[in-house]
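Each ligand, and each atom within it, is numbered from 1 in the order the structure gives. Note: hydrogens, waters and symmetry copies are ignored here, and every other heavy atom, side chains too, is used. Given the structure is predicted, the values throughout are model-derived calculations rather than measurements. Residue numbers run from 1 in the order of the sequence given.
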Amino acid sequence: VLIPRPETEILVDLIVKRLQKVSLEKASLWDICTGSGAIGLALKKTFPLLDVTLSDSSSKALAVAKKNGKKHALDVSYLKGDLLQPFAGKKARFIVANPPYLSQNAYANSSLGLKKEPKEALIGGEMGWEIYAQFAQDLPGYLEPQGAVFFEIGYDQGESVPALFHSPCWVKKEILQDWSGQPRFFFLERE
Ligand code: GLN
């Protein structure tokens with residue numbers, strides 16, 4: 001799995017601040033492309049009332065998430081499958097994802113290949129933003145009214161990724177920065 005980065009801690013902190021302001025009774029949260037499970041498990045630990053589901057297309061990754069969930073004695077669900085496909089027919093109040101978002105080039109020019117992380121956890125496609133494009137198409141049908149989405153994105157995707165989410169169902173779109181002032185998070189709210 002991807003080894004969680006400091007940016008992902010910021011993502012969790014930002015989500016925690018938002019969820020503290022709303023009633024979470026019966027609220028569901030899906031962590032898609034969960035990898036190690038770090039995001040969804042940290043949120044379940046912080047908000048025990050949340051109904052949390054972790055999903056990943058890789059059964060090996062899901063096994064790591066399950067191990068981590070067990071270690072922290074957290075009652076969450078696990079689903080194997082690609083992006084929203086395992087959630088067919090369901091709707092969530094909150095969806096969070098830190099999907100693979102590097103382009104082929106960015107990956108090739110980095111030293112990431114030398115590490116033990118699978119490249120499937122890092123490369124989003126030729127351009128990098130392909131997975132967000134898929135989400136942009138599918139997400140509206142999988143969110144409850146006023147549902148929210150929290151994404152981590154690449155520092156160079158602050159314009160390309162929001163441009164993919166042009167459906168009128170999005171009433172709020174925000175880019176937030178990481179500690180080095182780079183665009184790093186993209187939050188959306190549905191009507
Ligand atoms: N930020 C990570 C890196 O550059 C990539 C994370 C991801 O693809 N989700 O190593």
(request) Might you work through the side-chain contact (heavy atoms from CB on, under 4.5 Å) test for Ile95 and Leu29, ending with a clear yes or no? (result) CA-CA 6 Å; Ile95 294 180; Leu29 178 140; over 6 Å; no

(request) Please confirm whether Arg184 comes within less than 3.5 Å of ligand 1 when only nitrogen or oxygen atoms on both sides are compared. (result)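 No; every N/O pair is 3.5 Å or more apart.
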
(request) Examine Pro99 against ligand 1 and note whether any of their N/O atoms are separated by less than 3.5 Å. (result)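 It does: an N or O of Pro99 is found under 3.5 Å from an N or O of ligand 1.
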
(request) Report yes if the distance between the aromatic ring centroids of Tyr132 and Phe186 is under 6.0 Å, otherwise no. (result) no

(message) If you take the centroid of each ring, where Trp contributes its six-membered ring, are Trp30 and Phe94 closer together than 6.0 Å?
(response) no

(message) Tell me every residue that passes side chain to side chain contact (heavy atoms under 4.5 Å, CB included) with Glu174, counting only those two or more places apart in sequence or in another chain.
(response)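 Checked Glu174 against side chain to side chain contact (heavy atoms under 4.5 Å, CB included); matches are Arg18, Lys172, Leu176, Phe187.
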
For [atom], grab the closest protein heavy atom and report residue, atom and distance to one decimal in Å.
{"atom": "atom 10 (O) of ligand 1", "value": "Arg5 NH2, 2.7 Å"}
{"atom": "atom 8 (O) of ligand 1", "value": "Tyr101 N, 3.1 Å"}
{"atom": "atom 4 (O) of ligand 1", "value": "Leu102 CD2, 4.0 Å"}

(request) Report yes or no: does a heavy atom of Gly124 sit under 4.0 Å from some atom of ligand 1? (result)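 Judged by the 4.0 Å heavy-atom criterion, Gly124 does not count as contacting ligand 1.
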
(message) Taking 4.0 angstrom as the limit and counting only heavy atoms of Leu112, give me the atoms of ligand 1 inside it, by number and element.
(response)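 That gives atoms 10 (O) of ligand 1.
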
(request) Can you sort out which atoms of ligand 1 are near Pro100, meaning under 4.0 Å from one of its heavy atoms? (result) 8 (O)

(request) Could you check if a side-chain atom of Thr34 sits within less than 4.5 angstrom of a side-chain atom of Ile39, using non-hydrogen atoms only? (result)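 SC-SC contact between Thr34 and Ile39 ruled out.
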
(message) Taking the basic N atoms (NZ, or NE/NH1/NH2) and the acidic carboxylate oxygens, is any pair closer than 4.0 Å for Arg5 and Glu117?
(response)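 Answer for the salt bridge query: yes.
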
